[in-house]
S.K.: 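Okay, here's the structure, questions in a sec.
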Amino acid sequence: MQKGDEGSVDDKEKYGDISIVNETQGDFEEVEALTRKAFWNVYVPGCEEHYLAHILRGHEDFISELDFVAKTADGNIVGNVMYTKAKLINEAGKEMPVLTFGPLSVHPDYQHRGIGKRLLEHSFQKAKMLGYGAVVIFGDPGNYVGRGFRSCQRFCVTTPDGTYPAAMLVKELREGVLSGGKWVYQESPAYQYDSADAAEFDRQFEPMKKEWRPGQETFYILSHAVMRKE
């Protein structure tokens, strides 16, 4: 989609004064600034998610059809979600294309208003229409169980080292698509980058103070926790 495209009526859902539409080239810088504000000091002092948003769009695994923004009635972007391709590999070596999303960003002034939920529900519907059967993410279960995600262990989905991370969550878009098998999750290389490049990219933005917060330790514990095998 080229700069200036607004998307069709079918690509838009109204939620009060919020519209969910596909991101356009003209939105890129605003989305990156939004993502920076949404993640700053949340998981670590500072953040790198805005750099991730910047580089994802140019990767072959990025899915532009599932790149959505939430806009207010006056056109301000207050939320965004991006998807990339991933895959699950079963014991016979057969691959199943699946999805992962992130960053999922909501402007701090608009959080706790259901905008993230709306972005996800809209994108899940579109993903199912595109033929995808499942979504795999790494996230806080408290944020995503209500959106239909379950522990990866429920679906016998492991990381390549055979473990079940507590933060690895799975949602079936088509019920039963993962039943009866064992799967290894392989994330897209799109999420691999050099932190030095992220730091250099951040210098173009207005300086913000990096701070330690207790929630960062909670994130560290959760992100390193592994579930015991049954």
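Bear in mind the structure is a predicted one, so any value in this text is a computation, not a measurement.
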S.K.: Taking only residues two or more places apart in sequence or in another chain, which ones pass ring-ring contact (aromatic ring centres under 6.0 Å, His included) with Y185?
M.R.: none
S.K.: Residues in ring-ring contact (aromatic ring centres under 6.0 Å, His included) with Y191, at least two apart?
M.R.: none
S.K.: In chain order, what residues pass the salt bridge (Lys or Arg N to Asp or Glu O under 4.0 Å) check against E32, with sequence neighbours excluded?
M.R.: R57
S.K.: Applying salt bridge (Lys or Arg N to Asp or Glu O under 4.0 Å), can you list everything that pairs with D61, at least two apart in sequence or on another chain?
M.R.: none
S.K.: Without placing hydrogens or testing angles, list every side-chain donor-acceptor pair under 3.5 Å for residues 95-112, not counting sequence neighbours.
M.R.:
from : atom 1 : to   : atom 2 : distance (Å)
E95  : OE2    : K87  : NZ     : 3.2
T100 : OG1    : V136 : O      : 2.7
S105 : OG     : T35  : OG1    : 3.3
H107 : ND1    : D109 : N      : 3.0
Q111 : NE2    : V106 : O      : 2.9

S.K.: Sequence neighbours excluded, which residues qualify as side chain to side chain contact (heavy atoms under 4.5 Å, CB included) partners of Q204?
M.R.: F201
S.K.: Not counting sequence neighbours, which residues clear salt bridge (Lys or Arg N to Asp or Glu O under 4.0 Å) with E175? List them please.
M.R.: none
S.K.: To which residues is W40 joined in a hydrophobic cluster, defined by side-chain heavy-atom contacts under 4.5 Å among Ile, Leu, Val, Met, Phe, Trp and Tyr, whether direct or through other members?
M.R.: M208
S.K.: Going by the rule ring-ring contact (aromatic ring centres under 6.0 Å, His included), which residues pair with F62 if we only count those two or more places apart in sequence or in a different chain?
M.R.: none
S.K.: Taking only residues at least two apart or on different chains, which pairs with a member in residues 140-152 satisfy side chain to side chain donor-acceptor pair (under 3.5 Å)?
M.R.: none
S.K.: Can you give each donor-acceptor pair under 3.5 Å made by side-chain atoms of residues 217-224, sequence neighbours left out, with the distance rounded to 0.1 Å?
M.R.:
from : atom 1 : to   : atom 2 : distance (Å)
S223 : OG     : F219 : O      : 2.9
S223 : OG     : Y220 : O      : 3.1
H224 : ND1    : Y220 : O      : 2.8

S.K.: For residues 188-206, pull every pair meeting salt bridge (charged side-chain N to carboxylate O under 4.0 Å, His left out), keeping only residues two or more places apart or in separate chains.
M.R.: R36-D202, E200-R203
